[in-house]
Amino acid sequence: MLTRSALIYLSRKEGLKDFATSFSLFKKLTTRFIAGETIDEAITAIRELNSHGCTASFDHLNESVGSAAETESEVREYLDVLAQISATGIDSNVSIKLTQFGLDIDAELAYQNARRVVEDAARRGNFVRVDMEGSNVTQVTIDIFKRLRSEFGLNDVGIVVQSYLYRTENDVRDLLKIPARIRLCKGAYNEPPEVAFPEKQKVDENYVRVMQLLLSSGTYHGIATHDPKMIEATINFAQREGIGKDAFEFQMLYGIRRDLQEQLARDGYGLRVYVPYGKHWYPYFMRRLAERPANIWFVMKNLFR
Ligand SMILES: Cc1cc2nc3c(=O)[nH]c(=O)nc-3n(C[C@H](O)[C@H](O)[C@H](O)COP(=O)(O)OP(=O)(O)OC[C@H]3O[C@@H](n4cnc5c(N)ncnc54)[C@H](O)[C@@H]3O)c2cc1C
């Protein structure tokens, strides 16, 4: 059986990426987790989510771009997405990755690119979430976020933290002082034991600890997980502390636990679905398989059906 770390390793293999993305049958199998290749397809998916009471966040799939010219087309893509959200009236914000905007090339370029998107979103009354990537870029991502946050409002730009990192509780205490809107997730990358809890139980315990800090802060945050235990802990804590259902939102990924997504929305909780779309779906898709190797069987079954 392929392990989580093997799948995450494969997610970074360029040769496999080229093979998989040109193989149309493979592409078809991704439709469970990826909303399509174009903005229009993502809009159709988001309309459907909105009709079930869920909001959304666009994610244009293209991490770790290799040239400044490529980052320019990413910025244009996001400006187009923001314009289309305004034009269609769908209920969605956007999520960006700084490597997509050039972080691996030059941090200043990534900041300038992100700034253009945040500025446009702020003008439109929309919101940009800066995703968190591997631990090699945690600090620079926080630094760029803080710079953006010093120029834009609480409701214009937010950040993500990962409960598998030892540093996260301190980062959260620091970010809450600004204050900042935070999405809490467990973390999706392969991290060494020097920086991240190797045991799932510790990651979960830290998740609950950080969730409690966030909910007690009085700022609107996103609790991103498909884990029924984390969701139950959040609901119980909010009820115990008298924190209203509208004081935070749950967030899940497109195509994962749709039943739970709709149930939480029916129960009156905010539920935002992260909607990835675009041609460069390979690393994202492989990380989703890594989280739940049972999904490989889902993919294989469909391949041979
Ligand atoms: C909205 C959102 C945004 C995110 N943004 C980031 C980010 O910026 N940076 C980052 O590092 N990570 C991000 N992630 C990914 C996150 O870090 C986890 O890798 C992912 O959510 C799986 O963790 P979990 O909390 O669902 O719990 P897990 O402990 O992985 O899983 C708990 C249970 O959830 C269900 N489940 C989980 N994953 C799957 C799956 N792929 N298919 C089917 N069922 C599944 C299963 O029932 C499983 O037993 C994001 C996740 C979400 C939901």
Side-chain angles (χ1 to χ4, degrees), residues 11-24 26-27 30-31 33-46 56-88 90 92-124 126-134 136-137 140-141 144-145 147-148 151-152 156-160 188 253-254 274-287:
S11 78
R12 295 196 301 266
K13 294 313 264 182
E14 290 298 312
L16 270 176
K17 177 173 100 179
D18 294 343
F19 171 72
T21 43
S22 61
F23 186 34
S24 66
F26 208 90
K27 209 180 292 180
T30 65
T31 54
F33 302 116
I34 287 135
E37 294 203 345
T38 63
I39 296 182
D40 283 348
E41 286 170 296
I43 288 174
T44 303
I46 291 175
S57 191
F58 269 88
D59 165 41
H60 184 238
L61 295 167
N62 199 8
E63 37 201 280
S64 295
V65 300
S67 72
E70 226 185 316
T71 71
E72 178 60 28
S73 80
E74 285 304 304
V75 172
R76 285 175 193 274
E77 180 79 17
Y78 271 99
L79 296 179
D80 196 12
V81 165
L82 286 164
Q84 301 251 19
I85 294 172
S86 298
T88 56
I90 56 172
S92 183
N93 60 31
V94 300
S95 292
I96 61 171
K97 284 188 171 51
L98 291 180
T99 56
Q100 185 171 28
F101 285 168
L103 192 58
D104 294 337
I105 307 168
D106 172 18
E108 184 61 24
L109 172 70
Y111 158 73
Q112 292 294 346
N113 282 334
R115 192 184 185 288
R116 287 165 63 195
V117 175
V118 176
E119 188 174 41
D120 191 66
R123 190 172 59 79
R124 296 177 183 281
N126 210 323
F127 176 80
V128 177
R129 177 78 64 183
V130 181
D131 283 353
M132 189 55 81
E133 302 178 69
N136 58 321
V137 294
V140 65
T141 302
I144 291 177
F145 167 74
R147 220 171 137 189
L148 292 167
E151 296 171 273
F152 298 95
D156 298 332
V157 61
I159 191 164
V160 179
L253 302 177
Y254 183 74
Y274 184 95
V275 178
Y277 78 98
K279 289 192 171 56
H280 303 280
W281 46 262
Y282 177 77
Y284 175 90
F285 179 68
M286 293 301 280
R287 286 201 299 274

Tell me whether [X] contacts the main-chain N or O of [Y] through its side chain, where contact means a donor paired with an acceptor under 3.5 Å.
| X | Y | value |
| --- | --- | --- |
| R129 | I159 | yes |
| Q100 | K97 | yes |
| E41 | E37 | yes |

Practice task
Before giving the answer on side chain to side chain contact (heavy atoms under 4.5 Å, CB included), spell out for V130 and I144 the whole-Å C-alpha distance, their side-chain angles and the decisive distance to 0.1 Å.
Solution key: CA-CA 9 Å; V130 181; I144 291 177; over 6 Å; no
Problem - Residue pair L103 / V140, side-chain heavy-atom distance below 4.5 Å - result: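 Answer yes - side chains close enough.
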So how far is it from [X] [atom1] to [Y] [atom2], rounded to the nearest 0.5 Å?
| X | Y | atom1 | atom2 | result |
| --- | --- | --- | --- | --- |
| D59 | L61 | CG | CG | 5.0 Å |
| D80 | I39 | CG | CD1 | 4.0 Å |
| H280 | I34 | NE2 | CD1 | 12.5 Å |
| E119 | L82 | CD | CG | 12.0 Å |

Listed by chain and number, what are the side-chain hydrogen bond (donor to acceptor under 3.5 Å, both in side chains) partners of [X], not counting sequence neighbours?
| X | value |
| --- | --- |
| D156 | none |
| S57 | N93, S95 |
| E151 | Y111, R115 |

Handout entry: ring pair (Phe, Tyr, Trp, His ring centres under 6.0 Å) involving Y254 - partner list, sequence neighbours excluded
Key =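 Expected list: none.
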Problem - All ring pair (Phe, Tyr, Trp, His ring centres under 6.0 Å) counterparts of Y277, not counting sequence neighbours - result: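 Scan of Y277 (ring pair (Phe, Tyr, Trp, His ring centres under 6.0 Å), adjacent residues dropped) gives F58, H60.
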Problem - Stepwise side-chain hydrogen bond (donor to acceptor under 3.5 Å, both in side chains) test for E74 and N62 - result: CA-CA 8 Å; E74 285 304 304; N62 199 8; 2.8 Å; yes
Shortest non-hydrogen separation from [X] to [Y] and the atoms involved:
| X | Y | answer |
| --- | --- | --- |
| F145 | V157 | CE1-O, 3.7 Å |
| A121 | V128 | CB-CG2, 3.5 Å |
| E70 | G66 | OE1-N, 3.2 Å |
| D131 | T141 | O-CG2, 3.9 Å |

Handout entry: Option among N113, D106, D104 that satisfies the side-chain hydrogen bond (donor to acceptor under 3.5 Å, both in side chains) test with T71
Key =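 Exactly one candidate clears the test, N113.
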Practice task
Begin from the C-alpha positions of R123 and D120 and carry the test side chain to side chain contact (heavy atoms under 4.5 Å, CB included) through to its verdict.
Solution key: CA-CA 5 Å; R123 190 172 59 79; D120 191 66; 2.6 Å; yes
Listed partners of [X] passing side-chain contact (heavy atoms from CB on, under 4.5 Å), at least two apart:
| X | value |
| --- | --- |
| T88 | I43, R47, I90 |
| R76 | E72 |
| S86 | R124 |
| A114 | I96, L98, F101, L148 |

Handout entry: From CA spacing to verdict: side chain to side chain contact (heavy atoms under 4.5 Å, CB included), I46, I85
Key = CA-CA 10 Å; I46 291 175; I85 294 172; over 6 Å; no
